[in-house]
Trainee: 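Structure below; questions to follow.
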Number of protein chains: 2
Amino acid sequence: MTRSATIRDVAKLAGVSTATVSRAIAEPALVSADTREAVLKAAAEINYTPNLLARNLRQQRTKSILVLVEDIANPFYPEIFHAMEEAAQQRGYTVLLGNTGHSNEREQGYWDLVRAKRADGVVLFTGQLPEGTDPKRLPPVVLMAERIAGATLPLVAIDNEEAAARATRHLVDLGHRRIAHISGPQHRVISRDRLAGWRRAMDEAGLPLTDDLLVPGEFTIPGGEAAMRQLMALPDRPTAVFAANDESAVGALRAAQRLGLDVPRDVSLVGFDDIALAALFDPALTTIRQPRPELGDAAMRLIIDRIEGKGTPTAPTILPAPLIERGSTAKRGTK
Amino acid sequence: MTRSATIRDVAKLAGVSTATVSRAIAEPALVSADTREAVLKAAAEINYTPNLLARNLRQQRTKSILVLVEDIANPFYPEIFHAMEEAAQQRGYTVLLGNTGHSNEREQGYWDLVRAKRADGVVLFTGQLPEGTDPKRLPPVVLMAERIAGATLPLVAIDNEEAAARATRHLVDLGHRRIAHISGPQHRVISRDRLAGWRRAMDEAGLPLTDDLLVPGEFTIPGGEAAMRQLMALPDRPTAVFAANDESAVGALRAAQRLGLDVPRDVSLVGFDDIALAALFDPALTTIRQPRPELGDAAMRLIIDRIEGKGTPTAPTILPAPLIERGSTAKRGTK
DNA sequence: CTGTTAGCGCTTTCAT
DNA sequence: ATGAAAGCGCTAACAG
């Protein structure tokens, strides 16, 4: 590639100043029709594209948002990204995805990008802030799906505890009394919230919460499998299981079926998230649906508002998360 | 946020020039130990981070690579991203993911980012160049997984035709003679290559290629389901099916099982790609494995080499793609 | 080893 | 409506 055309080249060719070129492109109204035309023609002729680095440096903003996730493979994300990209585009922003892959080094690298002004704000899926951050000096941030304990930052999410309670109550209503929970990693707030919801619903239903009903599932398919095998080996087997996410629920489903059990006849199963995978198996999973497009849209609006100084840093945005009834749950003792 | 510290603030505080600050940070060796220490101390004190926009503008490079995909949800990507991020980080580059979501507008937006110097190069998964591009003025680009008809750009991929032929031959070797193909979207080069491989293997085995053996599957689960139902409704049913990707193979598997057929006893099934999903079902899919980490690593090295002017724009990098035998294939007429 | 200086390409006062 | 000029924050010659 030869050196690309600059604003000066266009100015020279059109016989105007660089200021005029800038205006003709960014604020056409400020320039006479003739001039505008001449400038645009010249620009097209030499294939001019404004250098965004220069523009951004001058304007002290980039009109781009960094979306930081821990693991891009998470099936929970795509619909959220899609909605975020739509919302961003509407307001003239670009979305950049940063994948930390559980590497602190990479996470730090992306934060530096923002601190170094290469993005105007961050939507944070990772559930954690960079270490040793002075909350005063944080760039504009919006938390997505998972709050951060102790931090008071704008958040867009569902009420995980309430949704988990609802999932559990659904099983209670179906007549189940021994309802187990396959939990997520306990260092994550989201797992603790869902666990708390299960606990609360069990309490409220007056059902005993014995230790054997709670097993860790790690939010993964293998984790769910192991958890389910453990549960099904219990002398007094639960007749229903609430898994903290769909992946562990799918694992649980596979495990049950391999043990020759029928879901939902022998054991009912509820997941959480409503990822695409949830509907793929037989039976399809009853689960809590996170309203992903709405979450993405709300988060993007919120971060842009904050960047542009609009709106107020209000209470968390909490979106409804309905229970989706499918084939994996049934009345206790029936098909 | 108050205005962040600049290099001048650090210089003043440390009692040196800005040039010295710059050196102390970027090229510590060029500065005396005392100075370096003083500078770093001052920088830490006021929480200084270099403004990358300014640095990049000055240096005319960003040390970041844009990875452009059509649909981030594709389960084929994550392992590739992971490898790319590793390779990039090793050489001091950052990976930015751009998701076009099938929107031409957004695709154009990302290309502009590169043309406008916000990224040094592009790894292209989308199988298409921006419209009306003068190939001479293209930024550094590496094509991933799918070549672009007519374009002669550096490519990192497998030999799709050969791999498809190998998958088909595997079925031939198991004694199958009526081997159907569920193809991908025919506007994609990759689908046409895999179709060609199936054709070639059938020809070479002297097997008749009747029209009814070829059905479109769109690379999706529903597409694969529909295709399989169509195949199984044939008067002279194929005893084996080669699907152009794993998703359509999974669809085919589900359809077969819903029709009460046993895979592989009644019909053998081969997929392509070896995505995680492939191993999740019962039976697990026999499939062609794309060496994703290696693809990602090779592509990132290649693009960085090109950006830095190292290496030569050589022949395509073609990586081996082994057949992974699992439970979905068996000898014709046996279990 | 360090400072001075120029300038990356753009936008935005301030004049006219 | 347009131009001149300053400057965003940094790095790279060049000089010493």
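What you are looking at is a predicted structure, and each value in this text was computed from that prediction instead of being measured. Quick note on labels: first sequence line is chain A, next is B, and so on, each numbered from 1.
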Trainee: Evaluate the criterion side-chain hydrogen bond (donor to acceptor under 3.5 Å, both in side chains) for residue pair A/Arg118 and B/Ser64; output intermediate values, then yes/no.
Mentor: CA-CA 11 Å; A/Arg118 292 225 4 216; B/Ser64 56; 3.2 Å; yes
Trainee: Checking contacts here: which listed nucleotide (D/dA12, C/dC1, C/dC10) is nearest the side-chain heavy atoms of B/Arg58?
Mentor: D/dA12
Trainee: Just by distance, do the side chain of B/Glu107 and the backbone of B/Thr100 share a donor-acceptor pair under 3.5 Å?
Mentor: no
Trainee: What is the distance, to the nearest angstrom, from the CG atom on B/Asn56 to the C1' atom on D/dC10?
Mentor: 10 Å
Trainee: Between C/dG9, C/dT11, C/dC1, which one does the side chain of A/Arg55 approach most closely?
Mentor: C/dT11
Trainee: Report the distance from atom CD of B/Gln60 to atom P of D/dG9, rounded to the nearest whole Å.
Mentor: 19 Å
Trainee: Flag yes if more than 12 heavy atoms outside A/Arg292 fall under 6.0 Å of its CZ atom; otherwise flag no.
Mentor: yes
Trainee: Provide, to the nearest angstrom, the distance between the CD atom belonging to B/Glu27 and the P atom belonging to C/dC1.
Mentor: 12 Å
Trainee: Less than 3.5 Å between a donor and an acceptor, one on the side chain of A/Arg23 and one on the base of D/dG3, is that the case here?
Mentor: yes
Trainee: Let me know, please, whether B/Ala19 or A/Leu57 comes out on the 5' side of the other along DNA chain C by nearest nucleotide.
Mentor: B/Ala19
Trainee: Looking at the side chain of B/Thr18, which of D/dA1, D/dT11, D/dG3 is the nearest nucleotide?
Mentor: D/dT11
Trainee: Whole-Å distance between D/dA12 C1' and B/Ile25 CD1?
Mentor: 16 Å
Trainee: Atom CD of residue position A/Glu37 - does it have more than 12 heavy atoms of other residues, nucleotides or ligands inside 6.0 Å?
Mentor: no
Trainee: Assuming nearest nucleotide by heavy-atom distance, tell me which of B/Ala54 and B/Arg61 is located more 5' along DNA chain D.
Mentor: B/Ala54
Trainee: Nearest to the side chain of B/Tyr48, which nucleotide is it out of C/dC10, D/dA4, D/dC10?
Mentor: D/dC10
Trainee: Between C/dC10 atom C1' and B/Asn51 atom CG, what is the distance in whole Å?
Mentor: 14 Å
Trainee: For A/Lys63 and C/dC10, give me the distance from atom NZ to atom P, rounded to whole Å.
Mentor: 18 Å
Trainee: Under 4.0 Å between a side-chain nitrogen and a carboxylate oxygen: does that hold for A/Arg106 and B/Glu86?
Mentor: yes
Trainee: Write down the distance between CD1 (B/Ile46) and C1' (D/dG9), rounded to a whole number of angstrom.
Mentor: 13 Å
Trainee: Can you tell me if the side-chain N/O atoms of B/Thr35 get under 4.0 Å from OP1 or OP2 in C/dC1?
Mentor: no
Trainee: For the side chain of B/Gln59, starting at C-beta, report the closest nucleotide among D/dT2, D/dG3, D/dT11.
Mentor: D/dT11
Trainee: With respect to the side chain of A/Thr20, which nucleotide from D/dA12, D/dT2, D/dG7 is positioned closest?
Mentor: D/dT2
Trainee: Rounded to the Å, how far apart are B/Leu30 CG and D/dC14 P?
Mentor: 16 Å
Trainee: Want to know the stems of DNA chain D: at least 3 consecutive Watson-Crick or G-U pairs with distances under 3.5 Å, which are they?
Mentor: C:1-16 with D:1-16
Trainee: Would you call A/Tyr93 and A/Ile303 a side-chain contact if the rule is heavy atoms closer than 4.5 Å?
Mentor: no
Trainee: Answer yes or no: is there a side-chain heavy-atom contact under 4.5 Å between A/Pro316 and A/Arg147?
Mentor: no
